[in-house]
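Okay, structure first, notes after.
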Amino acid sequence: MTDEKLDQILKQALAPEISDREILVRKRRKGKMKKTYKTGKVIAAAMAIAVMGTLGLGRLNPVLAAKIPLIGKIFEKVEDEVTFSGDYKDKGTVLTNEDHAGNLDTADYSVSDKGITLTASEVYCDGYSVFLTVDIEAQEADFTHIPKYDTGSSVADEQTAAGFYISGTWSIGGNSPEYLKNTFDGKVIDSHTFAGLLKMNLAEQIADSGELSLHITGLGYDDDRMLDGEDISASHWTDGSWDLTIPFAVNGADVKKIEVGEKKGNITLDYVVISPYQVIVHTTTPGKQRELTDDRREKLLSKDPDMTDAEMFEILGWSYEPCQTILFNQDGEMLYPDMEMAGWAGFAVQGKEIKTLHLFIFDNMDDWIQMEKEGMHSSAADRAVIAKEIQIG
C-alpha cells in the first residue's frame, strides 16, 4: 500500500478534524513495517537471506534449535533489535525456563490454539508500561519469510527487527480491557519459532505488583514472497483464542519522574518520565470527550485492522489542540518517537545516554517535520510553543 493511499484511507475513515500529525503517527507505526519493502524485491530477498545466514544452520533446523534454550532468555535475544532496545539483564522477571531438550519448567504461561503455541518468557514493568517477551511456535508455518523493518531513529542506525501482528485485549488487575498494540518486535529463530517483545502502556502509574491479563484473538505476519501484492499486511493471519495471566512486579530502579508544570498558550508540559527503555512526556491540552460507538469502531477496523482501541479513542474521541513533541539528548541525538496521543508522547531510549533532555512541543506539523529532518539546532526551534531543557541529574 502506498503512503498516498494510506493517507486517503485514514482521512476517509477518521474524523474530519484529524491532523496531519495523527496521520504521520499512524503511518509511522503501520508504515514502519513497510519501510524495507519500498526498496523492492531484491533487497527484501537479501534481507531474508541475511536473516537465515545470521541465525545459522542450527537455528534454522527446528530439531537443533530445540536444543538451544530460548524461553527465559528472549530479552537477551532481541534486546539489540527491538524498538525499545537496551540492556534488560537483571531488569525483568523470568516467568518460564527451558532446558536443552526444550522442556519448560512450568506450563502456567503457555497456551495453544489453531496450531500456534504462545509461551510468556519474561516480564518487566517500570510502573508506566509492561514489557512482555513471548515465544511463538507454529509447526505448519514458515517464519523465515517475515521481513525486517527499521526500529532505529534513522536508517543509518542499521537497527531492524521482524514484526508479528497481534489482535485482542489486555487489562491490569481486572480493569476495563484495552486493545493490544498491533505488533511484537522480535526475531525469527527458525522456520517455526518467533521470539518477540510486546509493550503495553498503562493509563496510570503503578507502584506495586500487578497481574496482566491477555486475551489474544488473532496472530499474523507479513511474507516477503508477496511483495507484488498491493497490500501484504498480515498476509498470514490466524484467528483463535490465546489467554494468559501474567504476574509482574514494578522495578523502579533508574526510573525518574520530573515535574515541570510549564504552560504556554493552550499547552501545559506537566511532567516527564525517564526509564531505562523509554521517555514519556505528559501534557495537558484542551478538549472534550466523545463517545466511541461500536459502529465507528467497526468502520475504523474495516479500514485499518491494526488500529488499537486506544488509538481510535484518542483520534476520534477527543478534539484537542494539536501537539507534536520531539526530544533530543545532550549530544543532539533524537530519541525515537514511538507514539503520540492526547496528553501523552512516548519515545524509545535505545541505549542512548540521557543526562539532559531538550524538549520541543509544536502546534504546527510542518515545524515538527522540519526539526526531525534538520535536528535539534533547526530554525524550527524558534517556533516551538514550548522549548525546555531538562536536567536529569
Side-chain angles (χ1 to χ4, degrees), residues 28-29 32-33 35-36 47 50-51 54-55 70 72-94 121-134 148-163 181 183-189 195-201 250-258 272-281 325-340 345-360 371-372 375-376 389-393:
R28 180 180 292 280
R29 296 192 61 213
K32 68 180 183 178
M33 298 192 70
K35 285 183 181 178
T36 54
M47 284 187 174
V51 170
T54 55
L55 290 175
L70 171 67
K73 301 178 183 294
I74 292 179
F75 273 136
E76 176 185 342
K77 297 294 184 183
V78 305
E79 64 183 12
D80 293 330
E81 291 90 357
V82 294
T83 299
F84 288 88
S85 55
D87 184 1
Y88 283 84
K89 185 179 181 181
D90 301 325
K91 284 288 194 294
T93 299
V94 175
S121 176
E122 303 133 301
V123 64
Y124 165 77
C125 178
D126 60 5
Y128 297 87
S129 299
V130 178
F131 301 73
L132 178 69
T133 62
V134 175
K148 287 188 173 184
Y149 61 96
D150 298 315
T151 54
S153 295
S154 67
V155 176
D157 292 341
E158 297 183 350
Q159 181 176 317
T160 60
K181 182 179 178 179
T183 59
F184 290 99
D185 276 355
K187 178 181 289 187
V188 174
I189 303 302
L197 171 66
L198 181 67
K199 176 175 175 283
M200 290 146 285
N201 300 317
V250 173
N251 185 341
D254 304 317
V255 179
K256 296 182 179 181
K257 179 180 178 180
I258 300 176
V272 176
V273 174
I274 301 97
S275 88
Y277 314 109
Q278 65 176 337
V279 174
I280 307 171
V281 178
T325 309
I326 192 165
L327 291 181
F328 302 86
N329 69 359
Q330 67 283 344
D331 300 317
E333 298 175 301
M334 188 182 80
L335 272 61
Y336 182 99
D338 179 59
M339 187 194 309
E340 181 155 8
F347 301 82
V349 172
Q350 301 190 328
K352 294 180 175 66
E353 184 179 27
I354 300 180
K355 297 179 179 178
T356 304
L357 279 177
H358 296 274
L359 182 151
F360 302 87
M371 177 161 274
E372 184 187 36
M376 186 174 73
E389 180 179 308
I390 301 173
Q391 298 297 327
I392 307 305

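One is the number of the first residue; the rest follow in order along the sequence.
- Side-chain atoms of S85 and D80 form no donor-acceptor pair, as typed in the model, at a separation below 3.5 Å.
- In this structure, N329 and H358 have side chains that are not in contact, with every pair of non-hydrogen atoms separated by 4.5 Å or more.
- Annotation for S121 and G72: closest pair OG-N, 2.6 Å, computed over non-hydrogen atoms.
- A salt bridge does not link K89 to E76: none of the charged side-chain nitrogens sits closer than 4.0 Å to a carboxylate oxygen.
- Although no hydrogens or angles enter the test, the distance criterion places a donor-acceptor pair under 3.5 Å between the side chain of Q330 and the main chain of T356.
- A side-chain donor-acceptor contact under 3.5 Å links K187 to the backbone of K77.
- Note on K91 versus D254: salt bridge recorded, some NZ/NE/NH1/NH2 to OD/OE distance being below 4.0 Å.
- Contact record, I326 with M334: CD1-SD, 3.7 Å, taken as the closest heavy-atom pair.
- Heavy atoms of other residues, nucleotides or ligands lying less than 6.0 angstrom from CD of E158 number 12 at most.
- The main-chain N or O of Y88 is found under 3.5 Å from a side-chain atom of E79 such that the two form a donor-acceptor pair.
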Go through I274 and L357 one step at a time and tell me if the side-chain contact (heavy atoms from CB on, under 4.5 Å) criterion holds.
CA-CA 10 Å; I274 301 97; L357 279 177; 4.1 Å; yes
Checking V82 against F184 for the side-chain contact (heavy atoms from CB on, under 4.5 Å) test, could you report, in this order, the C-alpha distance in whole Å, the side-chain angles of both residues, the deciding distance, and whether it holds?
CA-CA 9 Å; V82 294; F184 290 99; over 6 Å; no
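- Looking at S275 and K256, their side chains never come closer than 4.5 Å, going by heavy atoms from C-beta outward.
- Remark: K257 NZ is packed, more than 12 non-hydrogen atoms of other residues, nucleotides or ligands lying under 6.0 Å away.
- In terms of heavy-atom proximity, Q350 sits nearest to T151 at NE2-O, 2.6 Å.
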So Y124 and Y277, ring-ring contact (aromatic ring centres under 6.0 Å, His included) or not? Walk me through it.
CA-CA 11 Å; Y124 165 77; Y277 314 109; 5.3 Å; yes
Quick one: do D126 and N251 satisfy side-chain contact (heavy atoms from CB on, under 4.5 Å)? Show the steps, please.
CA-CA 5 Å; D126 60 5; N251 185 341; over 6 Å; no
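- Contact check for T160 versus E81: no side-chain heavy atoms found under the 4.5 Å cut-off.
- Between the CD atom of E333 and the CG atom of D157 there is a distance of 9.0 Å, given to the nearest 0.5 Å.
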Could you give me the CA-CA distance, side-chain angles and deciding distance for F131 and Q278, then say whether side-chain contact (heavy atoms from CB on, under 4.5 Å) is met?
CA-CA 11 Å; F131 301 73; Q278 65 176 337; 4.0 Å; yes
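- A cation-pi geometry, defined here as NZ or CZ lying under 6.0 Å from the six-membered ring centre and within 45° of its normal, holds between K199 and F84.
- In this structure, the separation between CZ on F347 and OG1 on T325 is 5.0 Å, given to the nearest 0.5 Å.
- For the pair V130/C125, a side-chain contact is recorded, criterion being any heavy-atom separation below 4.5 Å from C-beta on.
- Between L335 and I354 there is a side-chain heavy-atom pair separated by less than 4.5 Å.
- A162 approaches V188 most closely through the heavy-atom pair CB-CG2, 4.2 Å.
- You'll find the side chain of Q159 stays beyond 4.5 Å of the side chain of D150, heavy atoms only.
- Counting only heavy atoms from C-beta outward, the side chains of V273 and V279 never approach each other to under 4.5 Å.
- Between M371 and F328 the shortest side-chain heavy-atom distance falls below 4.5 Å.
- The distance from atom CE of M339 to atom CD1 of I280, rounded to the nearest 0.5 Å, is 11.0 Å.
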